[in-house]
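No hydrogens, no waters, no symmetry mates; every other heavy atom, side chains included, goes into these values. Just so we're on the same page: letters track the sequence lines, and every chain starts at 1. Keep in mind that what you see is a predicted model, and the values were worked out from it rather than measured.
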Number of protein chains: 2
Amino acid sequence: MKATINDVAKLAGVSIKTVSRVMNNEPSVRQPTREKVMAVVEELNYQPNLAARNLAGTKSFSIAFIYDNPNAYYVIDMQNGILAACKKQGFELLIHPCDAKADNLLAEITKMVKHSRIAGLVLTPPFSEQPEFVQQMKDLDIEVVRIVSGDIAPDDIAPCIMVNDHAAAQSITQHLVDLGHKKIGFIAGEAEHRSTVERLRGYKQALVDNAITLDESLIINGEYSFESGVKGAKELLNGEEKPTAIFSCNDEIAAGALFASRLMGISIPEQLSITGFENSPFSRQTWPTLTTADQPNQQIAEDAANLLIACSRKQKNNSETQQYTPQLVVRDSTGKAS
Amino acid sequence: MKATINDVAKLAGVSIKTVSRVMNNEPSVRQPTREKVMAVVEELNYQPNLAARNLAGTKSFSIAFIYDNPNAYYVIDMQNGILAACKKQGFELLIHPCDAKADNLLAEITKMVKHSRIAGLVLTPPFSEQPEFVQQMKDLDIEVVRIVSGDIAPDDIAPCIMVNDHAAAQSITQHLVDLGHKKIGFIAGEAEHRSTVERLRGYKQALVDNAITLDESLIINGEYSFESGVKGAKELLNGEEKPTAIFSCNDEIAAGALFASRLMGISIPEQLSITGFENSPFSRQTWPTLTTADQPNQQIAEDAANLLIACSRKQKNNSETQQYTPQLVVRDSTGKAS
DNA sequence: TTAACAATTGACAGCGCTGTCATTTGTTAA
DNA sequence: TTAACAAATGACAGCGCTGTCAATTGTTAA
């Protein structure tokens, strides 16, 4: 059967407490002792029993991922990244999809947290962008790591993994400018999402950098969906100032824009360039494939989880911040301005 | 702080063992006693500590979902369904994405199962369709519930939730026939998937039922992807026997077929009808929206998890089987034959 | 009414680990 | 060399629950 701490202790000729110390990387264990124990651990392929640890100790070995996001690709990527970190660190992951607008949300999460002794939470938008919510979690004595859009942390209540949408949007736009485009349409996502705001900011910055006058009529309010892309593109292409390129706030919008353009008999990229954002599987399933910005969600999530675990062990503090800048991926949906 | 079994026992004036019995729905507790205990449980909002249960008992309160599937929508649906069942039954869910072709797969799963004391597994294709794998799991003394395509269970090693792709494909095809179509193309998914086989079988059955001669040249081998849909549709539409309708083995293929048709200047559904399969979000993100078959994955998964939990409590046996037939959803991609 | 049995309840050990605190060992300075 | 202290290790209780088995209570038939 499975080896227990007793087996290890006996074989190594030490007390179970010492084995425990080694397993938890505690100080004041002499190096030779540590090695002796580790050797036996390897030999017996010993792994501490999570239930026993949870029951006996005050520390927790679980983190949770709560989310409210209709984008399955995004959720799966995040989840896989967190799972990878958990696996490496011997943590357990609790998955908790929920409704960000539910009244009993706080009660629900509190219950889960208390019941399962959660060390911390990985938060994605919209949760990560609600300072009050983050504060409430901290008040419950739960560590939090947030994934948010921007280039500077909003506060130091909890650590952040920043996604520099601003810089990424800027480089996508620059790519279009470099191809000779001057009239660049912009189809936005939901205005409430910080990512939308940041991406628009990057787009505008690139225009300024290249001394291109901003044309407000080229900016369409939309949402992160295929339909919105279809609608936005039609609006742009039927407008006065017909653009030669369209910056879409994500890949789904871009797919919609692509579709609308095709319907209108506009060939891509010859007559119109279109860009996406996120580099989701979606962007490889359109035709032509989409030029986009690669947002390494899985890596981001793994980092977030690692940071969270470190925080729960007091190895890192709240002001810890990391930053990712999605990188331009040039595919077939962009070309020289006609 | 949180109430423990001791608090409940004291307040109810019984021993902790009796509380335990009530919590586990064991027999031989007198009704009045049971009620008395339950009242206190309610009052204190008592919930048994999972770690303690796992440590003390022989029973397990965790199930796992292992999968190898690139379709994020599918995975999320399944996961949500399983999660719903777990929540209701006080179980924990371990998520375990993995590579079905990895050599160390069995070792990996064995390790997880032993380490976390898993009661059972929810298996989806490809795992669910490998009898040897299922048998290996049972040999490890793990309950298994499989979600498989077909109308009769392949064996009684483990319970099955059957998805009657045959009947669903038949009714989609019948829908096309009813619209006057006689030359109906078929773009298949991977031949290794039972779902492909079953859907093809349903398609053929419908043709037979309507005395339409099967034209093998109208059947295209493909895979479950957008690109495959594009390719398959082109092949069909450039062929000798140009079909007036295309049955696609899933929504992604259908989206590809839709795209290809548009490119070729064929208007949908006026000149060509196209159907999908699965009713994934994908089918609502195309234009026109897809006629498809609704496969209630979340519900299926919830049922599977409930069945699994029942089995782990020996309340159900291995020959237990449930069946779902995906229902036709008529949208805008199908119309009268021209 | 009572023995004989079944149904119900309880006492207690122990699951595998960690926290606390006592004990042992090693190290330093006088 | 030794006292005085710090570092390393161990003994032991107990986390909250379940399994085992013994004790109690209720029920039945003679």
Atom pairs and distances, side-chain donor-acceptor, residues 81-88 of chain B, under 3.5 Å, sequence neighbours left out:
unit_1  : atom_1 : unit_2   : atom_2 : d
B:Lys87 : NZ     : A:Glu108 : OE2    : 3.4
B:Lys88 : NZ     : B:Glu302 : OE2    : 2.7

For this session: Give me the residues of residues 26-36 of chain B where at least one heavy atom lies under 4.0 Å from an atom of DNA chain C, by number, or none.
Result: B:Ser28, B:Val29, B:Arg30, B:Thr33
Problem set entry | Positions of residues 41-53 of chain B (non-hydrogen atom under 4.0 Å from DNA chain C), listed by number | none
Exercise. Can you list every pair that meets side-chain hydrogen bond (donor to acceptor under 3.5 Å, both in side chains) and has a residue in residues 64-75 of chain A, with sequence neighbours left out?
Worked result: none
For this session: Kindly give the heavy-atom pair with the smallest separation between B:Ala119 and B:Ile63, and that separation in Å.
Result: CB-CG2, 4.5 Å
Exercise. What pair of heavy atoms forms the shortest contact from B:Cys160 to B:Met162, and how long is it?
Worked result: CB-SD, 3.6 Å
For this session: Just call it for A:Asn24: base, sugar-phosphate, or nothing, with non-hydrogen atoms closer than 4.0 Å on any strand.
Result: sugar-phosphate
Seminar exercise, completed: Note: contacts of residues 5-21 of chain B with DNA chain D (heavy atom, under 4.0 Å) are B:Ile5, B:Ile16, B:Lys17, B:Ser20
Exercise. How would you list, by chain and number, every residue that makes a ring-ring contact (aromatic ring centres under 6.0 Å, His included) with B:Tyr324, sequence neighbours excluded?
Worked result: none
Exercise. Among all residues two or more places apart in sequence or in another chain, which pass the side-chain contact (heavy atoms from CB on, under 4.5 Å) test with B:Ala52?
Worked result: A:Leu55, B:Asn49
Problem set entry | Those residues that, when tested against A:Lys10, pass side-chain contact (heavy atoms from CB on, under 4.5 Å) (two or more places apart) | none
Would you mind writing out the side-chain donor-acceptor pairs for residues 138-151 of chain B within the sub-3.5 Å range, not counting sequence neighbours?
unit_1   : atom_1 : unit_2   : atom_2 : d
B:Lys138 : NZ     : B:Glu143 : OE1    : 3.4
B:Lys138 : NZ     : B:Asn318 : OD1    : 3.4
B:Asp139 : OD1    : B:Gln135 : NE2    : 3.0
B:Glu143 : OE2    : B:Lys314 : NZ     : 3.2
B:Arg146 : NH1    : B:Asp155 : OD1    : 3.2
B:Arg146 : NH1    : B:Asp155 : OD2    : 3.4
B:Arg146 : NH2    : B:Asp155 : OD1    : 2.7
B:Arg146 : NH2    : B:Ala158 : O      : 2.7
B:Ser149 : OG     : B:Asp165 : OD2    : 2.6
B:Asp151 : OD2    : B:Arg201 : NH2    : 3.4

Problem set entry | Between the first and last five pairs of the helix from C:dT1-D:dA30 to C:dA30-D:dT1, the angle of the axes, rounded to 10 degrees | 30°
Interatomic spacing from [atom1] in [X] to [atom2] in [Y] - rounded to 0.5 Å:
X        : Y        : atom1 : atom2 : answer
B:Gln295 : B:Ser195 : CD    : OG    : 8.0 Å
A:Arg117 : B:Lys2   : CZ    : NZ    : 11.0 Å
B:Ile118 : B:Phe91  : CD1   : CZ    : 10.5 Å
B:Lys111 : B:Asn104 : NZ    : CG    : 10.0 Å

Let me check something: any side-chain donor-acceptor pairs from residues 28-37 of chain A under 3.5 Å, sequence neighbours excluded? List them with distances.
unit_1  : atom_1 : unit_2  : atom_2 : d
A:Gln31 : NE2    : A:Glu35 : OE2    : 3.2
A:Arg34 : NH2    : A:Glu26 : O      : 2.8

Exercise. Contact boundaries of DNA chain D with chain B (under 4.0 Å, heavy atoms), 5' to 3'?
Worked result: D:dG16 to D:dG26
